[in-house]
Amino acid sequence: MSEFSQVVTTTDSAADAERLARGIVEARLGACAQIVGPIRSVYRWDGEIRVEPEWQLVVKTRTALVPELVAHLTARHGYDVPEVVATPIVDGNPGYFAWVRAETE
């Protein structure tokens with residue numbers, strides 16, 4: 001298993017994305033959270049196809065913290081069923097990973 005993961009979620013405003021990102025970093029559940037957006041998301045909800053602007057958070061963290069980060073996001077998110085997806089990081093800059101480790105301990 002990879003020591004590090006990238007966790008992605010989306011939300012409906014830049015302000016909410018920043019609120020979630022700050023909470024993650026303050027809680028040391030992620031070393032950083034990048035906010036990307038707006039993006040356009042196309043999805044089905046309540047039986048209809050929707051196209052909405054969203055902001056994406058991309059969080060770098062230790063894999064051991066993923067369950068706690070998922071719980072943190074789920075509890076603080078404004079969506080009924082928030083997207084929270086974790087992907088293992090297989091390789092990268094060792095110096096960057098040392099920084100991620102230090103910021104999440």
Side-chain angles (χ1 to χ4, degrees):
M1 180 190 298
S2 175
E3 182 181 358
F4 300 98
S5 290
Q6 181 170 279
V7 176
V8 175
T9 191
T10 55
T11 190
D12 62 357
S13 72
D16 199 41
E18 186 171 323
R19 177 186 64 80
L20 290 169
R22 285 180 169 276
I24 290 163
V25 174
E26 286 172 358
R28 293 195 175 270
L29 294 173
C32 69
Q34 295 152 327
I35 300 169
V36 181
I39 59 173
R40 290 178 58 84
S41 293
V42 180
Y43 58 95
R44 184 183 317 271
W45 188 255
D46 288 336
E48 73 178 66
I49 302 292
R50 299 185 184 192
V51 180
E52 302 285 344
E54 290 189 299
W55 283 256
Q56 184 179 63
L57 271 73
V58 181
V59 181
K60 303 336 172 295
T61 191
R62 289 183 292 120
T63 300
L65 294 175
V66 168
E68 190 176 348
L69 177 55
V70 170
H72 177 94
L73 282 168
T74 302
R76 290 161 179 79
H77 207 288
Y79 288 2
D80 292 338
V81 183
E83 168 195 14
V84 183
V85 177
T87 305
I89 298 172
V90 297
D91 201 2
N93 178 355
Y96 180 77
F97 293 136
W99 175 78
V100 171
R101 188 180 301 108
E103 290 302 311
T104 58
E105 289 182 338

In chain order, what residues pass the side chain to side chain donor-acceptor pair (under 3.5 Å) check against S13, with sequence neighbours excluded?
->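 Result, side chain to side chain donor-acceptor pair (under 3.5 Å) vs S13: none returned.
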
Under the salt bridge (charged side-chain N to carboxylate O under 4.0 Å, His left out) test, which residues partner [X], sequence neighbours left out?
X	result
R28	E103
E68	none
E48	R50
E3	R101

Residues, nucleotides or ligands: over 12 heavy atoms within 6.0 Å of D91 CG | no

Side chain to side chain contact (heavy atoms under 4.5 Å, CB included) between S5 and T63, intermediate numbers included = CA-CA 5 Å; S5 290; T63 300; 2.8 Å; yes

How would you list all residue pairs meeting salt bridge (Lys or Arg N to Asp or Glu O under 4.0 Å) that involve residues 52-66, not counting sequence neighbours?
-> none

Pairwise salt bridge (Lys or Arg N to Asp or Glu O under 4.0 Å) hits with a residue in residues 13-26, at least two apart | D16-R19, E18-R22

For [X], all residues meeting side-chain contact (heavy atoms from CB on, under 4.5 Å), sequence neighbours excluded:
X	result
A14	W55
A86	V7, V66
V51	R40, V42
V81	W45

Report the residues that fulfil ring pair (Phe, Tyr, Trp, His ring centres under 6.0 Å) with Y79, sequence neighbours left out, ordered by chain and then residue number.
-> H77

Considering all heavy atoms of both residues, which atom of [X] and which atom of [Y] are nearest to each other, and what is their separation?
X	Y	value
H72	A27	CE1-CB, 4.4 Å
V90	S2	N-OG, 4.5 Å
L29	T104	C-CG2, 4.3 Å

Steps toward side chain to side chain contact (heavy atoms under 4.5 Å, CB included) verdict (L73, V59) = CA-CA 11 Å; L73 282 168; V59 181; 5.5 Å; no

